[in-house]
There are 2 protein chains.
Amino acid sequence: MGLRERKKAETRQAVHQAALRLTVELGFDAVTVEAIADAANISRRTFSNYFAAKEDAVLYGEEQRIQELVEHIRRRPAGEPGWAALCGAALELYEEQGVAADREWAMRTRVARRHPALLARQLGNQALLEHELAVEVASREGLDADALRPRILAAAFLAAVRLATLVWLDERESRPLDEVLRASLAEMGEDFTPAR
Amino acid sequence: MGLRERKKAETRQAVHQAALRLTVELGFDAVTVEAIADAANISRRTFSNYFAAKEDAVLYGEEQRIQELVEHIRRRPAGEPGWAALCGAALELYEEQGVAADREWAMRTRVARRHPALLARQLGNQALLEHELAVEVASREGLDADALRPRILAAAFLAAVRLATLVWLDERESRPLDEVLRASLAEMGEDFTPAR
DNA sequence: GCGCAAATTTGCGCAGTGGGTAAAGTTGCC
DNA sequence: GGCAACTTTACCCACTGCGCAAATTTGCGC
């Protein structure tokens, strides 16, 4: 990776950090693109070269995490069935990131929850991701990617991960995140008949 | 309901219709708020009194449908467990609406899928709804609304309904929607282990 | 080192948006 | 009929996303 691309990645990260920090401090609506650009030492116009909207700048961390998740899933053992691969990848990613990342994660989730515009954008991104996941699951189960089952698994998985984070936050982070994550994935994987 | 409120509801509906029609005809981005307002015979400023954003005007149909769904769930037999109540309400709502509503539904879903901004907003609205559903499920299963299980059920249910509609569209509406819906809910309700 | 093509940043401008404010117009009710 | 409450509207302003072209920076062969 040349200097050009490295610098670009650096700037993107700086813009993201600035956007996230300012949003936490002042609230999403109170932060203008200009303020973010100033904090990251670029012009307002250049901000638009990096992100199509303020939301994207704040959520870029999620974006990155999501890309990693997809990578992890692709790297799971070839024979592993879809649901197991999804769950395995999520837990793998979590422990790889280390507990230090928890605080970042918590911050992003809190911000996304507080501001509907951010929540919406985040879910929109996830919906796009859902298709990629479905493709991976389909290939593992010998199904068509447009079939119902792979799409159900992908959607259920994303919902389980999202809920785990929310519940973890609601519990004031009193349990380790991976414990909640395991519980959430397990609950989603079980059938939903009431007799338990 | 007095004349005042009746007229207001009428206007809201007219604005929604105009927004949806213009979006289908021209594409979401090519339609300005001003054009919608003109088509609905109100001023641009009044548009803002009815909807906070263009997206909301286009998606108002979804909003209404969602409200009805919540009503249906509340009216399900008291003893019925959570998942069954959700599924029952969805199917009930579908057959009550009649097949004529299918075309409307298809149109809205197509529009929402074509335009990321609409998709995002729609999912954001659903996330808010998710909590209401979780409350209902929790009360039926004697759990706390903040607990994991009711939230999982609510999220899984919404995802299943959403996917059913998408798959139905992908299949060019060759099967009746309720058939796909049943299949989707069933698949989501089953456990996800690969042996089937 | 040097220069030049390619990529990146920036300033400027424009159409569009969301919302505050206050004036003008409606409606419900006594 | 009149008045209080509500709704619509015009006007305005800060902000956004993006096209365009000039200025700047970078990569690379020489």
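Throughout, protein chains are lettered first and strands after them, A, B, ... in sequence-line order, and every chain is numbered starting at 1. In this text the structure is predicted, and so the values were computed from the model without any measurement.
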Identify all pairs in which a protein N or O lies below 3.5 Å from an N or O of nucleotides 12-14 of chain D, and state each distance.
from, atom 1, to, atom 2, distance (Å)
D:dC12, N4, B:R44, NH2, 3.4

Can you list, in residue-number order, the parts of residues 9-18 of chain B that come under 4.0 Å of DNA chain C, counting heavy atoms only?
none
With sequence neighbours left out, what residues match A:A39 under side-chain contact (heavy atoms from CB on, under 4.5 Å)?
A:A18, A:R21, A:L22
Which residue pairs pass the ring pair (Phe, Tyr, Trp, His ring centres under 6.0 Å) test when at least one of the two sits in residues 58-88 of chain B, sequence neighbours left out?
A:F192-B:W83, B:H16-B:Y60, B:F51-B:Y60
Students should find that the nucleotides of DNA chain C closing off the region near chain B, any atom under 4.0 angstrom from a heavy atom, are C:dG16 to C:dG28
Ring pair (Phe, Tyr, Trp, His ring centres under 6.0 Å) pairs, two or more places apart, involving residues 169-189 of chain B:
none
Contact residues, residues 49-60 of chain A to DNA chain C [heavy atom, < 4.0 Å]
A:N49, A:Y50
Side-chain donor-acceptor pairs under 3.5 Å in residues 5-13 of chain B, sequence neighbours left out?
from, atom 1, to, atom 2, distance (Å)
B:T11, OG1, B:K7, O, 3.0
B:R12, NH1, B:Y50, O, 2.9
B:Q13, OE1, B:Q64, NE2, 3.1

Flag, side chain of B:T32 to backbone of B:A35, donor-acceptor distance under 3.5 Å:
yes
Near DNA chain D, which residues from residues 19-30 of chain B have a heavy atom under 4.0 Å away?
none
I'd like a table of donor-acceptor pairs (distance under 3.5 Å, sequence neighbours excluded) in which one partner is a side-chain atom from residues 121-128 of chain A, with atom names and distances.
from, atom 1, to, atom 2, distance (Å)
A:R121, NE, A:D56, OD1, 3.0
A:R121, NH2, A:D56, OD2, 3.1
A:Q122, NE2, A:E62, OE1, 3.0

Specify the residues of residues 111-126 of chain A, ordered by number, for which at least one heavy atom lies under 4.0 angstrom from an atom of DNA chain D.
none
Under the ring pair (Phe, Tyr, Trp, His ring centres under 6.0 Å) rule, what pairs show up with a residue in residues 125-181 of chain B, not counting sequence neighbours?
none
